[in-house]
Enquirer: 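Have a look at this one before I ask anything.
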Number of protein chains: 2
Amino acid sequence: MPDTSAKDELKKSSSRRLAPDARAQQILEGAISYFAEYGFDGGTRALAAHLGISQALLFRYFPNKAALVDRVYEVVFLNRWNPEWKVLLMQRDLPLAARLASFYKDYNRSIDRFEVIRISLFSALRHESISQRYVARLREQLIAPIVAECRAFVGLPPPEILPLHALEEQLVLGLHATVIYGIMRKHVFHAAPPTEPDFMIELQVDGFIQHAKEAFRRVHAHAASGSERIVNRKAESIS
Amino acid sequence: MPDTSAKDELKKSSSRRLAPDARAQQILEGAISYFAEYGFDGGTRALAAHLGISQALLFRYFPNKAALVDRVYEVVFLNRWNPEWKVLLMQRDLPLAARLASFYKDYNRSIDRFEVIRISLFSALRHESISQRYVARLREQLIAPIVAECRAFVGLPPPEILPLHALEEQLVLGLHATVIYGIMRKHVFHAAPPTEPDFMIELQVDGFIQHAKEAFRRVHAHAASGSERIVNRKAESIS
DNA sequence: TTTTCTAATTATCGAATGATGATTAAGGGA
DNA sequence: TCCCTTAATCATCATTCGATAATTAGAAAA
């Protein structure tokens, strides 16, 4: 009778005495899962229990809790960015509607995960700088290029000639919002989760494109007669 | 020489020995402001300092921290609902576009506040039941009626004859998302805040209405050929 | 098998948390 | 003016927090 059973189930679950790299990786992934559920105020003891290890062990692999949280941020924010998105969006030999649909399908696939959306929100609510850097990159690398492509599509001058207007950004962000808000409904509000995301994205993109010409012209008419012109301005107004 | 100065500045700031009702109200408002900024894991000592009172005083007006948090929830969620919204949305003597624009302008005005949007998010991330009840009411009282009005607008059967389909909800939630996400950008992500909300709402509503006929027909065609039909289904799929 | 290295746990620290009496003092009524 | 009610604070409790040092024990090398 060979000695199987008891040894194997220990090995697969936590298997004490892991190689340091494997243990660090396991802690990091457990922290992502745990902090996504309970937020960054969740305790290190509960996290350790979640991992099936002692609380002190966390501090042998990360100097303190903040360092662990920072690593979580890095994985969630930085590892999830695809530089090809911008390239795809600017490929003018493809119809704009096809580019937008293709991009948002992939973007949706990339961020439609419990951990990603919730950790993004937790960190944004904490005013973490990495969150604001992500938002800035989103704006510069994706939203602004889309606005530029829309300009070309509807027959308006490029950004080099006519600076981008904040209202144009908001118009594009309206399309962006349909994707993001759907993911939030699913993972944060636990309300009627989106089904058939690809079909809905195609539908929303078609609506956006069909309305784009009129919408951009109205925005420019409004801007010409109205108040502020250039895109940058400070946030914050508490009341 | 009359004794002015020192007495006045004490009176205006915190003026010790308030009437109990006034003090309770002051604590509640301070708690809303404080928890909106720091989340519900913020400490009672820091909250008391924020109010200029001793920490122990909080517990003479609220039996424990959870009770105070519950009162905050009530104020933020329940006091912010206008039953007239549903009435307005179903007023068929007005054009649908006008009803939607009017509703979303008012809805936006009502929830575009730092405290409201952030406390909503904090509580939703905690899976608080009051948050889920709010989402259910939003869906039943606003989204479903809007879908029904769109049905009438595009010439499809009413919900009594043909049950609402989840994809129709998602279509309407796409419009809803443009408003909500704008508010989140402003108060959570601190990115390019929305300007001229009324103008943008008119624009988004017009785009939605112009596309509605085609969109609803495509949704119904897709549903007829596709898989699931009825609106309810369970959420949750972590990976 | 025995030895050796080090991954992991146990025990514990000081600081901060929510919460509870004991004490002080503000301010209207006599 | 004094008194008496009670709003408010002070001092302190038991827990829980992040973090550290001492100890144990697992697996490869000898």
Side-chain angles (χ1 to χ4, degrees), chain A residues 3-31 34-35 37-73 122 126, chain B residues 3-31 34-35 37-73 122 126:
Chain A
D3 52 340
T4 46
S5 67
K7 209 153 60 178
D8 293 337
E9 56 186 305
L10 273 182
K11 193 188 296 180
K12 83 153 173 258
S13 71
S14 105
S15 83
R16 300 172 48 134
R17 208 175 173 85
L18 283 186
D21 287 358
R23 182 65 84 188
Q25 181 67 19
Q26 182 212 27
I27 290 176
L28 184 54
E29 287 172 8
Y34 175 80
F35 288 137
E37 177 64 50
Y38 299 104
F40 295 108
D41 291 311
T44 54
R45 278 163 230 272
L47 166 57
H50 178 78
L51 282 159
I53 64 177
S54 69
Q55 180 243 7
L57 190 58
L58 296 172
F59 295 92
R60 293 190 60 84
Y61 286 88
F62 298 89
N64 49 48
K65 185 181 175 180
L68 175 55
V69 169
D70 282 344
R71 288 285 297 124
V72 169
Y73 285 151
F122 279 123
R126 282 192 163 194
Chain B
D3 53 340
T4 48
S5 67
K7 208 151 62 177
D8 292 338
E9 57 186 305
L10 274 182
K11 193 186 298 179
K12 82 153 175 260
S13 72
S14 106
S15 84
R16 301 173 49 135
R17 210 176 172 82
L18 283 188
D21 287 357
R23 183 65 83 190
Q25 181 66 18
Q26 182 213 25
I27 290 176
L28 184 54
E29 287 173 7
Y34 175 79
F35 288 136
E37 176 64 49
Y38 299 103
F40 294 108
D41 292 310
T44 54
R45 279 162 230 273
L47 166 57
H50 177 78
L51 282 159
I53 64 177
S54 70
Q55 180 244 4
L57 190 59
L58 296 173
F59 294 91
R60 293 190 58 83
Y61 286 89
F62 298 89
N64 48 50
K65 186 181 176 181
L68 175 56
V69 169
D70 281 345
R71 289 283 298 125
V72 168
Y73 284 151
F122 278 123
R126 282 190 162 198

Enquirer: Just N and O in the side chain of Y61(B): are any of them under 4.0 Å from OP1 or OP2 of dA7(D)?
Expert: no
Enquirer: Is there a side-chain polar atom (N or O) of S54(B) under 4.0 Å from OP1 or OP2 of dA8(D)?
Expert: no
Enquirer: Tell me: CD of Q55(B) to P of dA11(D), nearest whole Å?
Expert: 14 Å
Enquirer: From CG of L58(B) over to P of dT20(C), roughly how many Å is that when rounded to an integer?
Expert: 13 Å
Enquirer: Any heavy-atom pair between the side chains of F40(B) and Y73(B) that's under 4.5 Å?
Expert: yes
Enquirer: Starting at atom CG of L68(A), determine the distance to atom P of dC17(D), rounded to an integer number of angstrom.
Expert: 16 Å
Enquirer: Applying a 4.0 Å non-hydrogen cut-off, can you work out what F62(A) is touching in the nucleic acid: base, sugar-phosphate, or nothing?
Expert: nothing
Enquirer: Can you tell me how far P of dT10(C) sits from CZ of R60(A), to the nearest Å?
Expert: 14 Å
Enquirer: What is the distance from CG of L57(A) to P of dG26(D), rounded to the nearest Å?
Expert: 15 Å
Enquirer: Could you check whether any side-chain heavy atom of F35(B) comes within less than 4.5 Å of a side-chain heavy atom of L47(B), counting everything from C-beta outward?
Expert: yes
Enquirer: Below 4.5 Å, heavy atoms only, C-beta onward: do I27(B) and R23(B) meet side chain to side chain?
Expert: yes
Enquirer: Of the nucleotides dT5(D), dC10(D), dA11(C), which has the atom closest to the R17(B) side chain?
Expert: dT5(D)
Enquirer: Indicate yes or no: at least one non-hydrogen side-chain atom of L68(B) is less than 4.5 angstrom from one of T44(B).
Expert: no
Enquirer: Return the value, rounded to whole Å, for the distance between atom CZ of F59(A) and atom P of dA19(D).
Expert: 4 Å
Enquirer: Looking only at side-chain N and O atoms, does R23(B) come under 4.0 Å of OP1 or OP2 in dA8(D)?
Expert: yes
Enquirer: Rounded to whole angstroms, how far apart are CZ on R45(B) and C1' on dA15(C)?
Expert: 11 Å
Enquirer: In whole angstrom, what separates L47(A)'s CG from dG18(D)'s P?
Expert: 9 Å
